[in-house]
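In what follows, a single structure is set out as structure tokens and then discussed.
Quick note: residue numbers are just sequence positions, from 1. All values reported here derive from a predicted model rather than from experimental measurement.
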Amino acid sequence: MISVIQRVLEARVTVEGRTVGEIGPGLLALVAVERGDQPANAARMVERLLGYRVFADADGRMNRSLADTGGGLLLVSQFTLAADTAKGTRASFTPAAPPDEAERLFNEVVALARSRHNVVATGEFGAEMTVSLVNHGPVTFRLTA
């Protein structure tokens, strides 16, 4: 499982002009499920999303996590993160999990995150989404689980 996280001042996801998820300060996480991922990968990803230290402490150092700050978490499925881009000029999506498996594990990430954190919003799995954000920093990391 792969996530690209961005520290944001705000982020929102719209589908066909309607807002389906939005947060204020916190993390936007673009999440891809790869072939072979299991529930343990989902659990580990949630640990990383909530515990990864990307927010400043009193000294301005990135020593605080989303769990520490209580900020929002916006989870957006994005299978293209699992693409193989090693050759040629067109991505291969063979490493990505099949849609039904990916949706099941993505929903597990959402459920686990909601059970452990107060502010969790999502996009809409499989939809064509517009993601808007104000990246704070900018701070962006790639996480794997």
Side-chain angles (χ1 to χ4, degrees), residues 1-86 89 91-97 99 101-145:
M1 191 169 287
I2 303 166
S3 285
V4 169
I5 61 170
Q6 296 183 308
R7 187 177 69 189
V8 298
L9 295 175
E10 62 182 46
R12 94 179 22 85
V13 178
T14 59
V15 175
E16 296 178 358
R18 64 182 165 80
T19 299
V20 296
E22 65 183 319
I23 61 169
L27 289 179
L28 166 64
L30 306 173
V31 181
V33 179
E34 298 178 286
R35 288 186 187 274
D37 281 348
Q38 300 294 318
N41 298 94
R44 176 66 178 137
M45 184 56 73
V46 171
E47 286 176 20
R48 300 204 76 205
L49 291 171
L50 298 179
Y52 210 73
R53 297 181 300 168
V54 300
F55 298 96
D57 63 13
D59 296 323
R61 298 178 58 112
M62 283 193 254
N63 277 327
R64 299 181 72 219
S65 68
L66 192 62
D68 296 329
T69 66
L73 175 60
L74 178 56
L75 297 166
V76 178
S77 63
Q78 188 174 349
F79 80 98
T80 60
L81 290 175
D84 179 356
T85 60
T89 58
S92 167
F93 298 106
T94 303
E101 182 181 324
E103 185 173 16
R104 180 177 53 79
L105 284 172
F106 177 77
N107 288 339
E108 189 156 337
V109 167
V110 172
L112 287 168
R114 285 183 170 151
S115 74
R116 295 183 53 195
H117 195 70
N118 289 331
V119 183
V120 178
T122 67
E124 190 174 299
F125 189 91
E128 185 164 318
M129 297 175 272
T130 301
V131 180
S132 305
L133 66 132
V134 177
N135 190 319
H136 183 216
V139 173
T140 304
F141 291 100
R142 181 179 186 270
L143 303 178
T144 58

Self-check item: Spacing of CG belonging to Leu27 relative to CZ belonging to Phe55, to within rounding of 0.5 Å
Solution: 4.0 Å
Quiz item: Can you name the nearest heavy-atom pair linking Phe106 to Val33, along with the distance?
Solution: N-CG2, 4.2 Å
Quiz prompt | Separation between CE of Met45 and CG of Leu75, rounded to the nearest 0.5 Å | solution = 10.5 Å
Quiz item: Got a salt bridge between Glu101 and Arg104, using NZ or NE/NH1/NH2 to carboxylate O under 4.0 Å?
Solution: no
Quiz item: With Leu49, which of Leu143, Leu66, Leu112 fulfils side-chain contact (heavy atoms from CB on, under 4.5 Å)?
Solution: Leu143
Practice problem: Of all the heavy-atom pairs spanning Asp37 and Ala145, show the shortest one and how long it is. | Solution: OD1-O, 4.5 Å
Exercise. Check whether any side-chain heavy atom of Glu124 sits under 4.5 Å from a side-chain heavy atom of Val13, and report yes or no.
Key: no
Quiz item: Between the side chains of Thr94 and Asp84, does any donor sit under 3.5 Å from an acceptor?
Solution: no
Self-check item: Arg114 and Thr122, any side-chain heavy atoms less than 4.5 Å apart
Solution: yes
Practice problem: Working to the nearest 0.5 Å, report the span between OG1 of Thr19 and CZ of Arg12. | Solution: 5.5 Å
Quiz item: Ile23 and side-chain contact (heavy atoms from CB on, under 4.5 Å): which partner among Leu133, Val8, Leu73?
Solution: Val8
Self-check item: Within-4.5 Å side-chain heavy-atom neighbours: Ser3 and Leu30
Solution: no
Practice problem: With rounding to the nearest 0.5 Å, note down the distance linking CZ in Arg44 to CE in Met1. | Solution: 12.5 Å
Self-check item: Of Asn63, Asp68, Thr69, the residue whose pairing with Ser65 passes side-chain hydrogen bond (donor to acceptor under 3.5 Å, both in side chains)
Solution: Asp68
Quiz item: How far apart are the closest heavy atoms of Ala42 and Val109, and which atoms are they?
Solution: CB-CG2, 3.7 Å
Practice problem: Enter the distance from Phe79:CZ to Glu103:CD here, rounded to the nearest 0.5 Å. | Solution: 14.0 Å
Quiz item: Pick from Arg7, Glu10, Gln6: which one makes a side-chain contact (heavy atoms from CB on, under 4.5 Å) with Val134?
Solution: Glu10
Quiz item: Is there side-chain contact between Arg53 and Arg61, with at least one heavy-atom pair below 4.5 Å?
Solution: no
Practice problem: Check side-chain hydrogen bond (donor to acceptor under 3.5 Å, both in side chains) between Arg48 and all other residues, then give those that pass, not counting sequence neighbours. | Solution: none
Practice problem: Side-chain contact test, heavy atoms from C-beta onward, threshold under 4.5 Å: evaluate it for Val139 versus Met62 and give yes or no. | Solution: yes
Quiz item: How long is the span from the CG atom in Asn41 to the OG1 atom in Thr144, to the nearest 0.5 Å?
Solution: 9.5 Å
Quiz prompt | Nearest non-hydrogen partners of Ala11 and Leu28, listed with the distance | solution = CB-CB, 4.4 Å
Quiz item: For Asn107, what residues pass the side-chain hydrogen bond (donor to acceptor under 3.5 Å, both in side chains) criterion, not counting sequence neighbours?
Solution: none
Quiz item: Is the Tyr52 ring parallel, tilted or perpendicular to the Phe141 ring (thresholds 30°, 60°)?
Solution: perpendicular
Exercise. List the atom of Pro95, the atom of Ala83, and the distance in Å for their closest heavy-atom pair.
Key: CG-C, 4.5 Å
Exercise. Measure across Gly21 and Leu74 and return the closest heavy-atom pair with its distance rounded to 0.1 Å.
Key: C-CD1, 4.1 Å
